[in-house]
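Numbers restart at 1 for each chain; the letters A, B, ... are given by sequence-line order, proteins then strands.
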Amino acid sequence: MAVIHDVMPAYELFQPTDVEGAIALLNEHGESARVLAGGMDTWDWLKDRTKRVTALVDLAGIQELREIRATADGVDIGALAPLSTVVKDPEIQQNYSVLAEAANKVATPQIRNQGTIGGNVSQDTRCWYYRAGWPCYRAGGNICYANTPASLNREHAILGADRCVAVSPSDTAPALIALDARMVVQNRSGEREIDAATFFIGPGTDIEQMTVLRTGDVLTTIRIPNAWSGASFYFEKVTDRKSWDFPLVNVASALRVEGGVIQDARIAVGGVAAKPLRLFRVEQAIIGQPANEETAAAAGELAVRGAEPLRLNGYKVPLMRNLVKRSIRGQETV
Amino acid sequence: MADFKLIGQSFAPQDLVAKITGRAKYAEDFRAEGMLFTKLLSSPMPHCRVRSIDYSAALELEGVVAVLTPDEVPQEEHPFEPALTNEPVYEGEPILAVAAVDEVTAANAIELIRVDYEPLPFVLNPLDSLRPGGPDANTGGNVYNGREITTLKWDQSVFDGVGPDQMPIGPGTEEDQWEYGDLEAGFANADLVIEETLYCQSVSHHPMEPRTSMAYWQNGKLYMHGSAQSTAQARRAIADRVGVELDDVFFIAEYCGGGFGSKIRGSVLEVIPALLSRKAGRPVMMRITRAEETMMGRARPGMLGHARLGMRRDGRITALDLFLVQDNGPYSRQGDSSTSGDVSALGYTPEAMRASTVSVLTNTPPRAAQRGPGGVQIVSMLAPVVSRAARQLGVDPLQVHLVNAPNHETEFGRGPYPITSAYVTEALTQCGELFNWSERRQRSGQRNGSKVRGVGMALSPYYGGTSGWDGLVVIRPDGKLYIHQGVGNLGTHSVVDTAKAAAEALDFPWENTEVVWGHSSRHLPHSSSQSGSQTTHAHTRANWVVGEFAKTLLQELAALELGGSSSAYQVSGGRVFGPGGSLTFAQAAERAIARGGKFDGHELPEDINDMTRTSATALAGQGLVAAAKDNLPHTARTYSFVVSMIELDLDLETGMHEILNVTSVADCGTVLNPRSLIAQGNGGVIQGIGIAQSFKWAIDPTWGVHLSKRIEATKPPTMLDIPTELIFAAVDLPDPQNPVGSKGIGEPPVGAGAGALVCAIEDAMGGQHPSHQPLTPDKILSIVENDCLPCGRLETHV
């Protein structure tokens, strides 16, 4: 049968007003349903007829999911909070600025108004072969079109590839990992909290999924503990153009430095693997070291160890190295 | 300079409020009783043949009204492009159209169609087609020789003689070679000879408004709402494509959401709603999506090439040997590579030069002239070569441009062609002062942490206008002057700006003037397309001429009505007055109608075009009707020039750059509308910067399928990629062969912006530079780290 893209087919739209209602609908419709947050990822798939649903469960009407609340030990961000709200939130700006900065680098003002933080961390990969509907591993097939001797793979993975070489496109994900955020997920069995770094999964765990979310799950809250409140933060995103672009590589870090010595650290990198990578090894190596150029440079080198570039993405190795270095040193200015 | 009242004044065109408030209606905004929507079945592969197609299930779907197949549309012989085809030569080429009550139904119907495709060999990179035994994009051959398609394969030794990243240089096509001067002597006299492989990518036009159109028929006449760069030219093209008489086509296109050359004569796709509507007996709307626009819209041909350039110690270019292979796409021959030769000959006036080009057919989206066609490619490819030569000889790049600058006396290139004017030294000097070149240049190469400063410049010449078109004005009994314009309303304001010439010639107040455009039933004259920077020059001339002619008619009329000799009468402020008294324009219009004959359009000049004659005849008797052909002398080529200078910081750790300043100065003759000029100029410069920094195609080489069909992947520049302050100025000196002194300005800013950005990056990198646009961070970093590109030096669409 012939293929046509770019015309959204009909589906049934449900607009529950509470989380329980959403979960009931998701269970009722099973695999043929999909959760809708801001739609910045979902509508692309539907419009292209590459992924199809019969029911769309729109969470926009669940007011509690849109709120950002300061708590006794941090801040709870409703998964439906628009990215622009996250950017402007005073509590986040003051104490967890790395997240505000990361959210502010997503796409464009219009997309930040429409796109949500829950959607930003749950979004699918942007591998252009996969999104064009090619029957690759991630789409249930048995080939990776992005990893052949002629493939166009400058945006693809240098680390953690396993058959699939797609990368995580999220800008907020590395920031959330650097903040030790926890993802609150609800389904009909109840509520669970997942560490941000384990919320994201690579192809070795499940080649068709980017996160641990499964049918019937609703990501309700992103919980930021106050552990890193007011730490020394860094976020940087490298792109082909300065707006409306996914990261070639991005980096987020949180450092506690006392007397010029790094006491504690979190560093996460996006755009290099199917999931945003928390750099445990690098964190361990720099704790106790002076916060200087030498430590930063060594950390950069360590970060890219084991990188396996594809035909066109070898530049990501020095880029990731440099960004990790800058995440510790800061942007060098003389 | 003449003392003008309207020319040279900033003012807002009358469509401004409608555009800003969203009240302006574009093709997609129209609805007609019983209107259907159509969706297209398009080719999933770059070259194939439809073995069989079964759309019976689609026709049975509720809501589907009609299907249009290739057998039902005129099948032009290659290289002319049909609207639907059974042998697609690019991915996305339309094969069949379904009309249904709504788009979802039409799309669902497409999914019910069974097609059996026979894949055919395809080619994406022109060099692959030139190899012995290489694939041809079309069964008829692989290259253009003049307007003919022939087959050209290079000997294997051509490829064996060069490394993988060096440009192979085989024979060009016969009709596409020229030279002047003594090339070898030029190289012998040079203090430096450098050679460089050249590369410029193909990019889509991507106007904001895709080529959506809507058609219906009434009483055997076709009404077409579309988007075009010329109402007059598109109407004729529609009549030809659909196969009906010109008088049976009404074309409505009051607003055009951009074209950049991709809608010069409308779009070949307009045939689809036209014929589908005739078949279904109902109006049909065809909305084109952004992804479809990437494929079925148009694109700039990319180029691969080689330059050998000789420079004397004083910066004078003694010899230029240019070889270009053009990625022509699958259909009509593109003039870009030929223009590239002319532009480099004029911009650098080499003492001796040779240009040789080959235009190779490929199975990639169809090409069309894109703003500065050929100019943008060659300026962005050659400017860094000149910059590098200047660096090696220790000459300042501005000095190099001054030494080689053309002037009014210059006769350039293969002609050699004389030019009407060239205030290039003035433009270079003014730009240098505005930008503060010498001071900024001192900062070239300065390090600030990981950042390094780069300062670059480029000069971009481009054709500045044609002549010989018609003007048509009516002075009606309401006392108003109606200026009819057959050009499009592309957004450049020139539909209105050029009309001012008629009012200026009549010394008539602008507030009583109406510009009539955008709907062929409003009786439009034979006008140029709004392309090739023609309009400003062509239609200030035509409107000046018709204004002068109307003035003559008014003087003659006054003499007849009031007595005395016609030469004793003057025209000013909406009156004709002289020894016998005066007439207002309103009175003159009434008297013209009463007298008839040549005064009210019943007798028309012999030399006007038939389209103008038809329009003027339809207007006859409605007032004083003047129609005239531009017969003013035009004895040389008209060229405009733009110089751009850019300062930026390049971060060697990320490959990203931050533009600090962009300053440009144009020689476009007398400025018609200063505010419009700045918008046009900066818009073009930004477009060029985007081509140099991020705009691209990505086509999978194995499958020939496009991967960057949407804006977020094809990456034109964004607001944040340019500095908030852009400076654009003009020397504002008159061209002698235009009655108001103006030349076109649409094209040349693009090459200037692209070239200046590439040179600024080249400068920041100390001459070590990717030479492979766009200059994205991956390429910069790969050069910095490994001194090589991530992709092949001659790899296209990557």
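Only the backbone of A:Lys237 comes within contact range of chain B, with at least one heavy atom under 4.5 Å from a heavy atom of that chain. Interface residue B:Glu658: backbone and side-chain heavy atoms are both found under 4.5 Å from chain A. The contact between B:Lys696 and chain A is made entirely by side chain atoms (from C-beta outward), counting heavy-atom distances below 4.5 Å. Using a 4.5 Å cut-off between heavy atoms, B:Leu112 touches chain A through its backbone atoms (N, CA, C, O) alone. When heavy atoms are compared at a cutoff of 4.5 Å, B:Leu41 approaches chain A solely by way of its side chain, counted from C-beta outward. Heavy atoms of B:Val115 lying under 4.5 Å from chain A belong exclusively to its side chain. Contacts between B:Ile699 and chain A at a heavy-atom distance below 4.5 Å involve the backbone alone (N, CA, C, O). For B:Pro777, the parts sitting under 4.5 Å from any heavy atom of chain A are the backbone and the side chain alike. Only the backbone of B:Leu40 comes within contact range of chain A, with heavy atoms under 4.5 Å apart. The contact between B:Pro716 and chain A is made by backbone and side chain atoms together, counting heavy-atom distances below 4.5 Å. Looking at B:Glu785, only its side chain comes within 4.5 Å of chain A, counting heavy atoms on both sides.
A salt bridge links A:Asp41 with A:Arg126: at least one charged nitrogen is closer than 4.0 Å to a carboxylate oxygen. Between B:Asp721 and B:Lys715 no salt bridge is recorded (no basic side-chain N to carboxylate O distance below 4.0 Å). We find that A:Asp240 and A:Arg154 are joined by a salt bridge, their nearest charged nitrogen and carboxylate oxygen being less than 4.0 Å apart. Ion pair A:Arg326/B:Asp651 flagged as a salt bridge, since at least one NZ, NE, NH1 or NH2 atom sits closer than 4.0 Å to an Asp/Glu carboxylate oxygen.
The only option from B:Arg443, B:Lys451, B:Arg453 that meets the salt bridge (charged side-chain N to carboxylate O under 4.0 Å, His left out) definition with B:Asp649 turns out to be B:Arg453.
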Inset, instruction - Could you please spell out the steps behind the side chain to side chain donor-acceptor pair (under 3.5 Å) verdict for B:Lys779 and B:His772? - result: CA-CA 8 Å; B:Lys779 293 176 189 168; B:His772 195 284; 3.0 Å; yes
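Aromatic ring orientation, B:His797 versus B:Trp697: tilted (interplanar angle from 30° to 60°). Ring geometry for A:Tyr129 versus A:Tyr145: interplanar angle under 30°, hence parallel rather than tilted (30 to 60°).
Between chain B and the residues A:Thr239, A:Asn313, A:Leu323, the most heavy-atom pairs under 4.5 angstrom are made by A:Thr239. Ranking B:Met656, B:Arg114, B:Arg290 against chain A, the residue ahead of the rest is B:Met656, based on heavy-atom pairs under 4.5 Å. The choice from B:Leu707, B:Thr718, B:Asp54 that makes the most heavy-atom pairs within less than 4.5 Å of chain A is B:Leu707.
Two rings, from A:Tyr11 and A:Trp45, have their centers 6.0 Å or more apart.
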